[in-house]
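Labels below follow one simple rule: chain letters A, B, ... track the order of the sequence lines, proteins then strands, and each chain is numbered from 1.
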Amino acid sequence: MKKPISAYTSYHLEELINDEDFLLWVLHPDEMSNLHWQNIQDTFPPLRETITQAKTIVQSMRFERDNLNDNEQSELWVAIQARTTLLKKSGKRMPLWYRYAAAAMLAGILLSVGVFYQMTQPISINTPYGQLKTITLPDGSLVTLNANSTIKYDRNWSKNEIREVWIEGEAFLKVQHLNTSKKIANHERFVVHTGEVNVEVLGTSFNVNDRRGRTEVALLEGKISLGLKGTPGKPLVLAPGDIVEFEKGKLIKKPINVAEYASWKDGKLYFKDVPVAKIFNYFEDIYGYKVVVDDPEILKKRVSGSLNTQNEQVLFKAFGMTLNLDITPNKQTRELMITSK
Amino acid sequence: MPDPTESIYWQSFKAGHADAFEYLYRNYASALYNYGSKFSQDKDLIKECIQDLFVGIWTRRASLGNPEHLKNYLFKSFRHLIFKKAFQLQNFETYDEANDNYAFQISLNVEEAMIDGEHRINVSAQLNLAMAKLTARQREAVFLRFYEQLSYEEIAEVMDISVKASYKIMARALGFMKENLSKDDLMLLSLLLHLKLLS
């Protein structure tokens, strides 16, 4: 310790907190510093209270921490494994697998049929109204599924086959880029099927919305091409920032702020000069209400802003206040009554 | 490397042992996530950078050296990845690190332990207000210094600046906060900022 004990006689709280030795002791106490500070307190009993206070204050300061929960940590690890050679290494454990296989055969054909059925059965995940879900695909690609949406894909993705998913509703995808050379092998391809459109992808993030009989695809990063189902015509290639809508048999490119477009995945809704009718459509799709409006003029208004979508009650209230409307959800009839104030 | 166990794991990782790789991941994932989250609200982006970081070191493991401080090495590479990716996504309007044109958001909590309710809220608000007025670079240095407890040399390494610059950034941050806080607030703050300031 650098200072003689007597130096501390006249210390107040503030000086104590500024004292390097004091902080070291509080944050990283060891036998020697414990002894030193015990000694100080014994020599100058009036300091005891000040020291206790200062100590508590130091220990009570904390930076807010952003936590990665165990689940997320494990999901991330799976994704890392998928992208490294770690999964292939498990081939060394083949003998064990054989043993299981043998056991399964002994247990009877019925069981093995059951296992086989489960292994080959595609995975289907759907989200209820008002809830998002993030899914890691077998190749490590990430899908955020919006509320009231479904994704389907094969349980096992073989090394030589195209990666394929089927989506109904709305999803945001971040696709793992596997292409390393100029030539694109089958397994490097990634295709999203929606009602009418196939989206072909090479390492990218984009948003697919397939609701109300039309499909919208917005690209944030990378490159994708769109083709219509059953028509072999020339695919439409999208650049980042493009959004394409498919309606009545045609693909139309539109300008839009794509970052805002996919904001739902962060529990927010951004919109810029959007007709109120469109927002109400969104409420219907995401929360499962039927919107009932007393005055159709409301639908023609245009709004800009940002809303937090995590709490449906708060969302309706905030939106109502902005537009001077009463928005009342009826849980029984699943109707959303909109009345002008 | 200061921690002998870590050094053993590092060697084992470089030799291609998956267990050691997983150990390193488990050991650093949450600290990296916490650090990364200060740069961007986009949690997926941060997770993707963690993925890229670990996939990257695994693929390049044979050619990697023996960093003196593994943590600094990982933080530095991770930071680099975030900037690269955020720039591609144009989350940061222009990628101009030198002019502090990036985001670094931290908030401080004063725990309820000792200080009473209203006063605690006031002090927290004051602290966070003062923090908000700092530049991103200053906030980042403060975070690395007092949360991750890095030395000035280590901060310089992670942030890719000179040691002298890291001292300067911190001195400015502290000076600014002194001017912007009342004596009471300052007392609380100084304890935070003084943790190992002089070491």
Side-chain angles (χ1 to χ4, degrees), chain A residues 12-24 26-28 52-70 72-77 79-87 89-90 134 136 140 142 144 172 174 176 205 220-222 240-241 259 265-266 268, chain B residues 16 18 21-22 25-26 29-38 41-48 50-55 58-59 85 88-91 106-115 120 127-128 142-143 146-147 149 183-184 186-192 194-199:
Chain A
H12 297 292
L13 194 64
E14 189 177 352
E15 289 153 325
L16 210 50
I17 282 167
N18 273 313
D19 186 84
E20 171 91 1
D21 285 342
F22 176 76
L23 285 174
L24 263 180
V26 175
L27 294 167
H28 308 282
T52 315
Q53 275 181 3
K55 202 175 156 185
T56 318
I57 294 175
V58 171
Q59 287 168 340
S60 68
M61 298 291 300
R62 296 282 181 270
F63 280 93
E64 214 162 82
R65 193 179 164 80
D66 291 281
N67 274 318
L68 186 66
N69 66 38
D70 288 352
E72 292 175 303
Q73 192 173 335
S74 297
E75 271 179 19
L76 202 51
W77 176 243
I80 291 169
Q81 280 178 310
R83 283 176 61 191
T84 56
T85 47
L86 295 182
L87 284 184
K89 292 233 159 166
S90 67
T134 302
T136 308
L142 288 175
T144 311
F172 180 82
K174 273 192 173 179
Q176 287 299 349
S205 57
L220 272 82
E221 190 194 359
K265 75 185 165 64
D266 304 316
K268 286 226 170 75
Chain B
F21 182 38
E22 181 163 5
Y25 168 77
R26 300 259 176 221
S30 56
L32 288 167
Y33 181 78
N34 181 40
Y35 178 44
S37 300
K38 310 291 185 263
Q41 302 280 346
D42 185 348
K43 304 294 180 199
D44 288 342
L45 173 90
I46 302 307
K47 287 182 189 169
E48 208 175 286
I50 295 178
Q51 248 192 62
D52 289 353
L53 174 70
F54 282 95
V55 171
W58 177 259
T59 13
K85 197 143 278 185
Q88 285 170 354
L89 279 176
Q90 280 153 2
N91 273 2
I106 45 179
S107 49
L108 296 168
N109 276 336
V110 180
E111 281 184 2
E112 283 172 67
M114 179 80 176
I115 312 155
R120 180 174 62 85
L127 268 174
N128 284 312
V142 166
F143 172 84
F146 303 115
Y147 189 85
Q149 307 203 347
K183 206 180 168 196
D184 276 359
L186 188 63
M187 182 194 75
L188 280 164
L189 184 72
S190 59
L191 63 94
L192 173 86
H194 244 274
L195 297 183
K196 284 163 80 194
L197 195 62
L198 305 167
S199 64

### Summary
Sequence neighbours excluded, the answer for salt bridge (Lys or Arg N to Asp or Glu O under 4.0 Å) partners of B/Glu48 is A/Lys174, B/Lys85
### Query
Looking at A/Leu68 and B/Lys47, what are the two nearest heavy atoms and their distance?
CD1-CE, 4.0 Å
### Task
Go through the atoms of B/Ser30 and report whether side chain, backbone, both or neither lie under 4.5 Å from a heavy atom of chain A.
both
## Note on the structure
Applying a strict 4.5 Å limit to non-hydrogen atoms, the region of A/Ser74 in contact with chain B is both
### Query
Between B/Glu22 and chain A, which part of the residue has a heavy atom less than 4.5 Å away: side chain, backbone, both or neither?
both
#### Entry: side chain to side chain contact (heavy atoms under 4.5 Å, CB included) partners of A/Glu75, counting only residues at least two apart
A/Thr136
### Task
Supply the atom-to-atom distance A/Thr144 OG1 to B/Lys43 NZ, rounded to the nearest 0.5 angstrom.
14.0 Å
### Summary
Turns out that what part of A/Asn69 lies under 4.5 Å from chain B's heavy atoms comes down to neither
